[in-house]
Amino acid sequence: MDKVFDQKKYEEKIYSMWEKSGVFSPKINQKRKPFTVILPLPNANDPMHMGHALFTVEDIMVRYHRMLGDPTLWLPGGDHAGIETQYVFEKHLASEGKSRFDFDRKTLYKMIWDFCDKNKDLNKNQMKLLGFSMDWSRYHYSLEPRIVAKVLKTFKKLHDDGLVYRGERIVNYCTRCGTAFSDLEVVYKEQNSFLYYLDYGPVQIATTRPETIFADVAVAVNPKDKRYNNLVGKKATIPLINFKIPIITNENIDIKFGTGALKVTPAHDTLDYEIGVKNNLQIISIIEQTGRIKSDPRVPDEIQGLYVNKARQKTLELLEQNGKLVKKEPLTHSVGVCYKCSNVIEPMIIPQWFVKTKPLAAPAIAAVKKGKTKIFPKKRFEKLYFDWMENIIDWNISRQVVWGPRIPVWYCFNCNSQIQISFINKNKECVKGVYETLSQRYSFDEISGGLQSILAPKNASYQLDNKRCHKCGSDKLLQETDTFDTWFLSGQWPLTTLGIDVDNIKKSSEDFKYFYPTSVLDTLWDILFFWVGRMMMFGLYLTNEVPFRVVHIHARVVDQFGKKMSKSKGNVVDPIVMVDKYGADALRWALVAGVGPASDIAISDDKVKGARNFANKIWNISRFIDMKLKDAAVEDYKSIPEFSDKMKGVSPNDKKIVEKLNKIINLTSKYLESYKFGLASEKLYAFVWHDFADKYLESVKKRLETNDLVPLSVLRHVLFNTLKLLHPFIPFVTESIWQELKSQRKSPDIMLVASSWPSGK
RNA sequence: GGUCGAUUGGCUCAGUGGUAGAGCGUUCGCUUCACAUGCGAAAGGUCGCAGGUUCGAUCCCUGCAUCGACCACCA
């Protein structure tokens, strides 16, 4: 054995040995309960970051259970990550001076597909470098046909059950990404702006968005506001266009803000939308999806066609010229921006597909309350889970991006001639318009061949198959171009990857019947809502059974200053760089050792270096024992008696270390069962380094010179058991030693499986 | 505004109802034949503040302070 553990010499070899042996692929054994973990699928658009290295926690659980003898499945996967990937890809296109509007959707889809394929493979290799014992034979990608087919069936089932509807609700729309987002995907940023006081005839209103005044349909005041009592029911006048709008009341108006009078613009503000719906007000939309002001007769000519920001300036100029701008004062408020591109989110009314979530959330709440799924750490995260699930609103599952499965709904163009279309014609030009008009110049085939997107009116008729129109028999049908929210796919991940049959659960695959529900879902708390909640809802909806028994929330990796790692801050540490420098074991250990439940981990070179030293310590303990065994001229393990309490010549000192070993075996098992990985590793560290190496090993050196075989027997006993305890945490060094000491032990050949987890009786 | 978390030796952080722990750093001594990615020793904390429960609190409860995170609202 070398003087120091050279991980580069072993890691690759060891991993491929494991892989070839097939130990990562469990065999179904009806006599034993399986242990199943589904990997939180990394995005296929990006290499791994330090957060992914925390899958170490899952590997620890998985390896532990495998060693216990449980049929253990860790199922890996990759996520197409719809919007996020398209965003990354569009940046890539932009660097080549192109945009998504230059391509029809088929071409664009193919380009992104190829882009992701490369990254997917990169991801897989990186996970192997970290030693993750995933069953690669069961790897799944969210866009592979058999996964998508199941997802579409779920959509149909939801639709049949009346849980899907097409609705026109105010949605968060990013004009740059060209898609709507769920409320969870909007981030709020502080912005310095101005509050403008405008003259609306009998009242003054205060607004930060003067460009939307042309879409106003009312002025609202608080019913308790005495200043306006006599004006309620009368009319206010929109300046510049002199439209009369009613003055109404609403309890949500803050008396102290501005003048206490709010201009109500239902089409372009969330609160206003609610007020509009409640009071049956007209909803007038003046902003296009491109972010430009519409050519609407209500809008002054010079403002039409301007982008929102320009329109604001121009409107203010006009207001000032007309003496309608009373005053402006500075205001700091938060503005919703796109979580991907930071562009300001425009609340807009666009027809979208929604899932009714209340009926799905109720069982998901009940399951956690009944303890069918347990969340760790409980106190903190159960509350978070309930808060979200109890306040859930209908889920907008439409995304106006290309990268994802299209919603399986078809519109007949004969019946719905008002559908808006965007496509690339034969001359490679992007053409937009309403079908009724376009059909006079272009054939249906030319349109469908170069299709970019369609936008059907809210009440458009549709059908769930692409046969001839059920109503008129026409064959001019096109599928919805909205694609599914990524979480609609990943929310079904444990079901689809294990092989559920959505139509007939009893016909699901053997894997599904055996491995579902899964045992533990380990993730970061920040996708508790996006992912865990959705999986709970889908799981219970389709199977009446929770998708996992336990949700374990792991720690978050931050930089040495305690800040979240992000590309924009430039404080990202590449896990693979650390692996290269100090070894996979070192990084794994550094991420787990002594870390409290769901706390932050500050990762630094020093910490990983310390972990590397620990791995080396174990290596050298083994090297010492190996040498002593050979010094004693012992050819193989048979020459040294197996350790036993009753063997002759066992000293109190020997007994003491064995007692401590048994204690640490019990403790490690106990901690692993209760998800206390930090404590487990900390205690192991102290035992290995201080009790075993510094004290016991030093103390027997003299005895070893006297040809006393008892201490050798003890050393070997303690070493092999300790290696087993350490293996889930630091698999490479322990397995490397296991291989080096082949002649000094009985089978098994591979540490990972065949060696059973020790018992510390 | 609401919720949650943190506050422990110089730094980073574990932990427990019964007189404080680790790693790193620091100081001193070691080229000891497993390991200098090491060995031996040492210094260093009234466990944020104020109350309460308890025979006893760093740990439980209440309040406060500071920092951080999340959610909601922001016309």
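A note on names: the letters A, B, ... follow the listed sequences, proteins ahead of strands, and every chain is numbered from 1.
Remark: A:His690 is not in phosphate contact with B:G40, judged by side-chain N or O atoms under 4.0 Å from OP1 or OP2. Between A:Lys3 and the phosphate of B:A36, there is a side-chain N or O to OP1/OP2 separation shorter than 4.0 Å. In this structure, A:Trp525 does not reach the B:U3 phosphate: none of its side-chain N or O atoms is under 4.0 Å from OP1 or OP2. The shortest distance between the side-chain N/O atoms of A:His333 and the OP1/OP2 oxygens of B:C73 is not below 4.0 Å. Contact check, A:Asn613 against B:G38: a side-chain N or O comes under 4.0 Å of OP1 or OP2. Residue A:Ser599 has a polar side-chain atom (N or O) positioned under 4.0 Å from OP1 or OP2 of B:A14.
Using a 4.0 Å heavy-atom cutoff across all strands shown, A:Lys383 reaches sugar-phosphate atoms only and no base atom. A:Lys701 comes within contact range of at least one nucleobase, with a heavy-atom separation under 4.0 Å. Contacts of A:Arg612 with the nucleic acid, taken as non-hydrogen atoms under 4.0 Å apart, include base atoms. The residue A:Gly610 sits apart from the nucleic acid: no heavy atom pair falls under 4.0 Å. Heavy atoms of A:Asp254 sit under 4.0 angstrom from at least one base atom.
Geometric assessment of A:Arg612 against the ring of A:Trp589 yields a negative cation-pi assignment under the 6.0 Å and 45° thresholds. Figure legend: cation-pi geometry between A:Lys328 and A:Phe194, with NZ or CZ positioned under 6.0 Å from the six-membered ring centre and within 45° of its axis.
In this model, a side-chain donor or acceptor of A:Lys617 finds a partner on the base of B:C35 within 3.5 Å.
For B:G44 and B:U27, the P atoms lie 16 Å apart once the distance is rounded to whole Å. Remark: the separation of the C1' atoms in B:G45 and B:G15 is 15 Å, to the nearest Å. Annotation: B:C70 and B:G63 have their P atoms spaced 25 Å apart (nearest Å). Separating the P atom of B:C64 from that of B:G21 is a span of 34 Å, rounded to the nearest Å. Of the C1' atoms belonging to B:C49 and B:U37, the separation is 43 Å, rounded to the nearest Å. Here, B:C39 and B:G56 have their P atoms 44 Å apart, quoted to the whole Å.
Remark: P of B:C13 and CG of A:Asp606 are 14 Å apart, rounded to the nearest angstrom. In this structure, the CG atom of A:Leu528 is 14 Å from the C1' atom of B:U3, given to the nearest Å. Between the CH2 atom of A:Trp689 and the C1' atom of B:G23 there is a distance of 10 Å, given to the nearest Å.
Minimum heavy-atom separation, A:Ile737 to A:Met1: CG1-CE, 4.4 Å. Across all non-hydrogen atoms, the minimal contact from A:Trp487 to A:Trp531 is CZ3-CB, 3.5 Å.
By the stacking rule of 5.5 Å between ring centres and under 30° between planes, A:Phe257 stacks on the base of B:A75.
Ring centers of A:His552 and A:Phe677: under 6.0 Å apart, within the cut-off.
A donor-acceptor pair shorter than 3.5 Å cannot be found between the side chains of A:Tyr10 and A:Glu735.
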